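The chain is numbered in sequence order, starting from 1. Owing to the predicted nature of the structure, the values given are computational and were not obtained by experimental measurement.
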Amino acid sequence: MTSPSTTQTPSTTQTPSAARTAQETQPTAPAGPGGPATRQSVIPGAGPVLRPGERDTLRLREVATADTDEPARYAPEWLQLREPADACARAHDLLDPLRIRLANLPQRAGGFVVHDIGCGTGSMGRWLAPRLDGAQHWILHDRDPYLLHFAAVASPRSAADGSRVSVETRRGDVARLTPDALVGASLVTASALLDVLTREDVDALAAACAGAGCPALLTLSVAGRVELTAPHPLDQEITEAFNAHQRRDGLLGPDAATVAAEAFADHGATVRLDPSPWRLGPEQAELTAQWLRGWVGAAVEERPELAEPAGRYLTERLEACAAGELRVVVHHNDLLALCRPSGAAA
């Protein structure tokens, strides 16, 4: 249950977003030749800044039990840096069956209602809303009020056919989503979220969507496979260590898309999985460098004995990246689950 809260001003010490993916983990310091990698603070950034005389205009809705003592995990700069690669990677072939389902929904005066779970800075809405026809009302869910503010002020205002797009924010733990939260939902979306949930979280999400009878478009779940040019003897070892790191504490990591597909199918949904790889070249050198630091750093955190060789490896890869010689494919999967509409026969 949510309750209205007073208008809040963003802070750089707010609660974390619930979504922490293989690519959204904050980059760690490079693993140096002499010792293990150390975790850096978040990528610094001011976020939305009010001009003199302006007042905050967003009213956040906060879950009463939300923990407000944790530091922010993400800064908008990293999410902005990856947004173009995310947009190119998402599986566009999933949009036509989604459009057909939405077109067959009963007409509503305010259009259809989209819940974006773990919205971060709102990149999913910026990508999807202009690709769908009809009026839309987006409900953005995240634990971090700073990111919620950023997402709301940067949200799209019109659909593909020029219809109005409106937005509201709800603050809370997305892993505790209940069926009640999705009453009246037309669609649930998420990006780079499933791999940081547990099996229980995913089962609850699938049950909530099935209970609401709404489809779910869940994009950019890590697949646990990376290709770099030119191949290096440490590639596989670092990949395996990184994947083990992503499975810590019962998180699904690279198993997420498969587990989610099974969970939705168990609830009667028709499920489709499509690949959605990042393809990074010289034009994405800044993103590639940041991703490399996080990828290698997480591997070393999982296996500290890799610190020295991984430090040399990272140096070589970053030099190749700076020279425009490195290309990387980071594999992901997108999932479309078409749950039975509410009231449909079992």
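- Leu218 pairs with exactly one of Thr189, Asp334, Leu336, Leu205 by the side-chain contact (heavy atoms from CB on, under 4.5 Å) rule, that one being Leu205.
- Looking at Glu308 and Arg312, a side-chain N of the basic residue comes within less than 4.0 Å of a carboxylate O on the acidic one, giving a salt bridge.
- A salt bridge is absent between Arg317 and Glu319; no separation between the charged side-chain nitrogens and carboxylate oxygens falls under 4.0 Å.
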Using side-chain contact (heavy atoms from CB on, under 4.5 Å), reason through Val259 and Leu197 one step at a time and then give a plain yes or no. CA-CA 11 Å; Val259 170; Leu197 299 181; over 6 Å; no
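- Taking the ring centroids of Phe112 and His137, they lie at or beyond the 6.0 Å cut-off.
- Between the side chain of Asn333 and the backbone N or O of Ala257 there is no donor-acceptor pair closer than 3.5 Å.
- Note on Ile139: it does not cluster hydrophobically with Met124, by side-chain heavy-atom contacts below 4.5 Å among ILVMFWY residues.
- Asp161 places a side-chain N or O within 3.5 Å of a backbone atom of Ser163 that can act as its donor or acceptor partner.
- Under 3.5 Å, the side chains of Thr198 and Asp201 contain a donor-acceptor pair of N or O atoms.
- Note on Arg99 versus Asp133: no salt bridge recorded, every NZ/NE/NH1/NH2 to OD/OE distance being 4.0 Å or above.
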Would Arg101 and Ser186 count as a side-chain hydrogen bond (donor to acceptor under 3.5 Å, both in side chains) if you check the C-alpha gap in whole Å, the side-chain angles of each, and the deciding distance to 0.1 Å? CA-CA 9 Å; Arg101 169 58 65 87; Ser186 309; over 6 Å; no
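- Looking at Glu240 and Arg303, no side-chain N of the basic residue comes within less than 4.0 Å of a carboxylate O on the acidic one, giving no salt bridge.
- Look at Arg272 and Asp274 and you find a salt bridge, because one of the NZ, NE, NH1 or NH2 atoms lies within 4.0 Å of a carboxylate O, short of that distance.
- Between Leu193 atom CG and Ser221 atom OG the span is 7.5 Å, to the nearest 0.5 Å.
- Judged by distance alone, the side chain of Gln236 and the main-chain N or O of His232 form no donor-acceptor pair under 3.5 Å.
- Closest approach of Asp142 and Gly120 over heavy atoms only: OD2-N, 2.9 Å.
- Between the CG atom of Leu95 and the CG atom of Leu128 there is a distance of 6.5 Å, given to the nearest 0.5 Å.
- The NE2 atom of His149 sits 13.0 Å away from atom OG1 of Thr121, with the distance rounded to the nearest 0.5 Å.
- Of the N and O atoms on the side chains of Ser123 and Arg82, not one donor lies less than 3.5 Å from an acceptor on the other residue.
- In this structure, the side chain of Gln284 engages the main chain of Gly281 through a donor-acceptor pair within 3.5 Å.
- Here Arg327 does not pair with Glu227 in a salt bridge; the nearest charged N to carboxylate O distance is not below 4.0 Å.
- Between Ala185 and Cys214, the closest heavy-atom pair is O-CB, 3.5 Å.
- Between the side chains of Gln80 and Trp78, not a single donor N or O lies within less than 3.5 Å of an accepting N or O.
- Looking at every heavy atom in both residues, Leu194 comes nearest to Ala260 through CD1-CB, 3.7 Å.
- For Asn104 (side chain) and Ile100 (main-chain N/O), a donor-acceptor pair under 3.5 Å exists by modelled atom type.
- Taken together through direct or relayed side-chain contacts under 4.5 Å among Ile, Leu, Val, Met, Phe, Trp and Tyr, Val167 and Val113 form parts of separate hydrophobic clusters.
- No donor-acceptor pair closer than 3.5 Å links the side chain of Arg248 to the backbone N or O of Ala244.
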Pair Arg90, His332 - check side-chain contact (heavy atoms from CB on, under 4.5 Å), show working. CA-CA 9 Å; Arg90 290 191 182 99; His332 305 88; over 6 Å; no
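- A side-chain donor-acceptor contact under 3.5 Å links Arg157 to the backbone of Ser155.
- Between the side chain of Asp195 and the backbone N or O of Val222 there is at least one donor-acceptor pair closer than 3.5 Å.
- When all heavy atoms of Cys339 and Phe264 are compared, the pair lying nearest together is SG-CD2, 3.9 Å.
- Of the possible donor and acceptor atoms, one in the side chain of Arg108 sits under 3.5 Å from a partner among the backbone N and O of Gly184.
- Closest approach of Leu132 and Ala159 over heavy atoms only: O-CB, 3.2 Å.
- The aromatic ring centroids of His245 and Trp295 lie 6.0 Å or more from each other.
- Closest non-hydrogen pair, Ser191 versus Leu220, comes out as OG-CD1, 3.4 Å.
- A donor-acceptor pair is defined here as one N or O able to donate and one able to accept, closer than 3.5 Å; no such pair exists between the side chain of His331 and the backbone of Val329.
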